[in-house]
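Okay, so here's the structure we're looking at.
Any value given below was found using the heavy atoms of this structure, including those in side chains, with hydrogens, waters and symmetry copies removed. It should be emphasised that the depicted structure is a prediction, and the values quoted were computed from it without experimental measurement.
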Protein chains: 2
Amino acid sequence: MQLYNYFRSSASFRVRIALQIKGLGHDYCPVHLLKGEHKAPDYASRSGDALVPTLVTDEGQVLTQSMAIIEYLDEVHPRPALLPAGALERARVRALAQMVACDIHPLNNLRVLKYLVHELKLDEAAKNAWYRHWVRSGLEAVERQLALLARERAAQGLAPSVLCWGRQVTLADCCLVPQVFNGQRMNVALDDLPLTQGVFAACMALPAFRQAQPSACPDSEA
Amino acid sequence: MQLYNYFRSSASFRVRIALQIKGLGHDYCPVHLLKGEHKAPDYASRSGDALVPTLVTDEGQVLTQSMAIIEYLDEVHPRPALLPAGALERARVRALAQMVACDIHPLNNLRVLKYLVHELKLDEAAKNAWYRHWVRSGLEAVERQLALLARERAAQGLAPSVLCWGRQVTLADCCLVPQVFNGQRMNVALDDLPLTQGVFAACMALPAFRQAQPSACPDSEA
C-alpha cells in the first residue's frame, strides 16, 4: 500500500494512526500541500477531490476520505478492531469521529483558511480567531459528549473509558487526537477539558500514536 | 423511534431518506433551528453538540450525527441495505458521502453563516458568495469522482450506475440529494454537472426521496 499524505494534515494523521494500530506496512508518499503538490495533474487526476490522504491499495485502487479509508482498513484487516462490535457502540464511536471530522476540521483546513485571507481579506488575527473559535467550540461539544457517554457507561455497569470509548483504540481516537494537535499548534486553551485531555494523554502514551504524529513523519518540518 | 429534526436541515434530510427507504415508522419531532429550539435545555442536554438530527431509539438511546445514525439504521435494519456488500464498494460509497458531509455541508450550515454575518460582518452578497463557492466547488469534485467511478465500473465490466453507486440507494445518495437541494435553493448553477444531475433526478423519481424532502415535512414553511 501507498499512503499519499502530508505530515501536518490532520486527516492524513488519522489514517497514519490506523495503519500503525493495525501494523500495516506501507510506503509513505509525501504530498506538500503548501507547495500545491496535491494540485499537480498526476496526483489530482486520481481522485475527484485532489485532497490528502489517499491510500493506494496493493491492487492499485485509489481510496479517498480518511474515515472511509479507516473503515475500509478495519473491514479488510479486522484485528485489532477500530470499531466496537455492537451497533449502538459503533454509532457512539462514529458520532464522536464525525463531531471532529464534520463539525471542526472542515472549517480549519487549508483551502478554507486561504479563502478567508484571499477572498474575505481577513488579517492574521481574524483568521486565527476563526480557527480557534471552531476548535474550541467543537472540542467543548466533544467534552460534553464524552461526559454523557461516561454517564451512560456507568448506568450500564461498564468500566469507565480510558480512550474515547472503552480501552481499545477506535476511529474516534484516530480523529480526536489529530484535532487536539491542531488546537495545540494554534494555542487553543484546552486545559479545562479534562475528558478530552485524558483521552489525548492516554493515546499519546501508545507507540502507534507517537509513530504517526507529524514530527515522526519523513516529510516533517517540525 | 423519534426523529428530532428540521425540515430545511440537510443533515436531517439525509436521515429522513434512510428511514423512508427502510420503511421505518417514527415520530417526527420538529426542532426549529432559526428559533434556536436546538439550544433549549431539554434538547441541548441530551447530546454533546445540540444539533439536529437526533434519533431516539425505542430503548431511549439518543443517537447523533447523520452518517452515524444511517450506518446504525443499516446495521440494525439491514434490508434494503444502504451500503454495498464489498469493502471496496463500501469505501467508494462512504467516500462520496463524506465528500458532501465533510467537504461541503459543514461550511454552509447555520452556525457558520451566523459567524460570517455577526463576527466577520459580511454582507448578504459576500455570505451568499461563500455559500455558493463551497457548494459549487464541492459538487464539481463529486462530479469528477462520479466520472472516475463510472470509468472504474466500465473497466470491471459492471453496468453503469444509475444512482451514486449502482442501482440501489446508498448512504451516498442520502447525502448528495439534500446537498443539491441546498444548492438549488441558493441558485447555484449545477446544470453542467450531468452525472450529479442524473443521480439527483433518478433519486427524486423515487417515492422515498419525495416523501423525505423539505416540502413534505410537517414543519415545512415552503
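Between A:Ala87 and B:Tyr72, the shortest heavy-atom contact is O-CD1, 3.6 Å. Contact record, A:Gln65 with B:Ala95: CG-O, 3.5 Å, taken as the closest heavy-atom pair. A pairwise comparison of heavy atoms in B:Ala68 and A:Gln98 identifies N-OE1, 3.1 Å as the closest pair. Pairing each heavy atom of B:Cys102 with each of A:Cys102, the nearest pair is SG-SG, 3.7 Å. Taking both residues in full, the closest heavy atoms of A:Gln145 and B:Ser47 are given as OE1-C, 3.6 Å, listed atom of the first, atom of the second, then distance.
Within 6.0 Å of the CD atom in B:Gln168, the count of heavy atoms belonging to other residues, nucleotides or ligands does not exceed 12. Within a 6.0 Å sphere centred on CG of B:Asp123, other residues, nucleotides and ligands contribute more than 12 heavy atoms. The 12-atom threshold is exceeded at CG of A:Asp192, counting heavy atoms of other residues, nucleotides or ligands nearer than 6.0 Å.
Contact annotation for B:Arg92: only side-chain heavy atoms (C-beta onward) come within less than 4.5 Å of a heavy atom of chain A. Using a 4.5 Å cut-off between heavy atoms, B:Leu120 contacts chain A through its side chain alone, with no backbone atom that close. In this structure, chain A has no heavy atom under 4.5 Å from any part of B:Ile104. Using a 4.5 Å cut-off between heavy atoms, B:Glu143 makes no contact with chain A at all. Only the side chain of B:Leu122 comes within contact range of chain A, with heavy atoms under 4.5 Å apart.
By the 30° and 60° cut-offs, the orientation of the rings of A:Tyr115 relative to B:Trp134 is tilted.
Here the side chains of B:Thr57 and A:Leu88 are not in contact, with every heavy-atom distance at 4.5 Å or above. Annotation: side chain of A:Val62 is not in contact with side chain of B:Leu148 (no heavy-atom distance under 4.5 Å). Here the side chains of B:His133 and A:Glu119 are not in contact, with every heavy-atom distance at 4.5 Å or above.
Chain B forms more heavy-atom pairs under 4.5 Å with one residue of A:His105, A:Arg94, A:Arg46, A:Arg144 than with any other, namely A:Arg94. Contact count versus chain B (heavy atoms, under 4.5 Å) is highest, among A:Val76, A:Leu116, A:Asp49, A:Asn109, for A:Asp49. Of the listed residues (A:Leu96, A:Thr64, A:Val142, A:Val112), the greatest number of heavy-atom pairs within a distance under 4.5 Å of chain B belongs to A:Val112.
Note that CZ of A:Arg111 and OG of B:Ser137 are 6.5 Å apart. Values are rounded to the nearest 0.5 Å.
A salt bridge does not link B:Arg90 to A:Glu71: none of the charged nitrogens lies less than 4.0 Å from a carboxylate oxygen.
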